[in-house]
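Following: one structure in structure tokens, then a few remarks.
Order of the sequence lines sets the chain letters (A, B, ...), proteins ahead of strands, with each chain counted from 1. None of the values given here were measured: they were computed from a predicted structure.
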Protein chains: 2
Amino acid sequence: MNTLFKALNDETRREILNLLKEKDLTAGEIAAAFDISKPSISHHLDLLKQANLVSSIKKGQYVVYSLNTTILEEVMQWIMHLKN
Amino acid sequence: MNTLFKALNDETRREILNLLKEKDLTAGEIAAAFDISKPSISHHLDLLKQANLVSSIKKGQYVVYSLNTTILEEVMQWIMHLKN
DNA sequence: CTATTAATTAGATATTTGTCTAAATACTTA
DNA sequence: TAAGTATTTAGACAAATATCTAATTAATAG
């Protein structure tokens, strides 16, 4: 839960998730969408991966990232639990 | 959204919300539940208030805190939007 | 093979955050 | 009104975080 909320607690990372919602993207394509250096984006992607919010697959020299919505159930349930 | 996720990104604050789920509590009662100084808890409560996750009312020399679940809808919707 | 492209790792740095103690404010009660 | 209790504010400090540039790793193409 900690890792999850930590990953979600950043505007850039939340925006990355929104981009990946539309379609899978390479690290470079993601970086191109922001005014932030590639290493920084790489770091954000790492945190998102640690939280299981995205997964990645190496395709040749590219790394393709995908959104993983499954883990969002946990956040939903945490919130639901609070609401009762 | 930023303020909300920021407030949720801390174990102590999440635990405070869980305590308030059961019943309203004074600042002192909340502080008593943790091994953290009162000023620190006060600061946590402030962040939760900024995020509208709790509200407070002064009752004599006490300040009673309550959980505000309404704002959680926003988190829910943000997540739901990502899941489609 | 060597050069190029994609991505990550390393290391540095400024900012943010959580925590503390001490002091201030607000209310109650003797 | 003076003393005591509840809470917050102020200021300091260590740890965590987001960012950068430079260097490294991995894969492709000439």
For DNA chain C, find the residues of residues 10-27 of chain B with a heavy-atom distance under 4.0 Å and give them by number; none if there aren't any.
B:Asp10, B:Arg13
Within residues 37-47 of chain B, residues whose heavy atoms come under 4.0 Å of DNA chain C:
B:Ser37, B:Pro39, B:Ser40, B:His43, B:His44, B:Leu47
Quick test of your reading: applying side-chain hydrogen bond (donor to acceptor under 3.5 Å, both in side chains), list the pairs with at least one residue in residues 3-12 of chain B, sequence neighbours left out, ordered by first then second residue.
B:Glu11-B:Arg14
Given side chain to side chain contact (heavy atoms under 4.5 Å, CB included), test A:Leu67 with A:Thr69 step by step and report yes or no.
CA-CA 6 Å; A:Leu67 180 63; A:Thr69 54; 3.8 Å; yes
Minimum heavy-atom separation for A:Leu20 and A:Val54, please, with both atom names.
CD1-CG1, 3.7 Å
How would you list, by chain and number, every residue that makes a salt bridge (charged side-chain N to carboxylate O under 4.0 Å, His left out) with B:Glu29, sequence neighbours excluded?
none
By nearest nucleotide on DNA chain D, pick out whichever of B:Asn9 and B:Tyr65 is the more 5' one.
B:Tyr65
Could you report the tightest heavy-atom contact between A:Leu47 and A:Ala7, atom names first, then the distance?
O-CB, 4.0 Å
So side-chain hydrogen bond (donor to acceptor under 3.5 Å, both in side chains) across residues 15-25 of chain A, not counting sequence neighbours, yields A:Asp24-A:Ser66
Stretch residues 56-63 of chain B: residues that reach within less than 4.0 Å of DNA chain C through a heavy atom
B:Lys58, B:Gly60, B:Gln61
Side-chain contact, heavy-atom cut-off 4.5 Å: A:Leu45 with A:Ile16?
yes
Listing request: all side-chain hydrogen bond (donor to acceptor under 3.5 Å, both in side chains) pairs with a residue in residues 55-65 of chain B, at least two apart in sequence or in separate chains.
B:Lys49-B:Ser56
Got a list of side-chain donor-acceptor pairs under 3.5 Å for residues 34-44 of chain B, not counting sequence neighbours?
unit_1: B:Ser37; atom_1: OG; unit_2: B:Ser40; atom_2: N; d: 3.4
unit_1: B:Ser37; atom_1: OG; unit_2: B:Ser40; atom_2: OG; d: 3.0
unit_1: B:His44; atom_1: ND1; unit_2: B:Arg13; atom_2: NH1; d: 3.0

Taking all non-hydrogen atoms of both residues, which atom of B:Met76 and which atom of A:Ile79 are closest, and how far apart?
SD-CG2, 3.6 Å
B:Asn52: which residues meet the side-chain contact (heavy atoms from CB on, under 4.5 Å) condition with it, sequence neighbours left out?
B:Asn68, B:Ile71
Assigning hydrophobic clusters by single linkage (Ile, Leu, Val, Met, Phe, Trp, Tyr; side-chain heavy-atom cutoff under 4.5 Å), is B:Val75 placed with B:Leu82?
yes
Not counting sequence neighbours, which residues clear ring-ring contact (aromatic ring centres under 6.0 Å, His included) with B:Phe5? List them please.
B:Trp78
One pair to check against side chain to side chain contact (heavy atoms under 4.5 Å, CB included): B:Leu17 and B:Leu8. What are the steps and the verdict?
CA-CA 9 Å; B:Leu17 296 179; B:Leu8 292 173; 3.7 Å; yes
Counted 5' to 3', the first and last nucleotides of DNA chain C within 4.0 Å (strictly under) of a heavy-atom of chain A are C:dT5 to C:dT9
A quick test of your reading: do over 12 heavy atoms of other residues, nucleotides or ligands sit less than 6.0 Å from CE of B:Met80?
no
Walking along DNA chain D from 5' to 3', note the first and the last nucleotide with an atom under 4.0 Å from a heavy atom of chain A, and give both.
D:dT17 to D:dT28
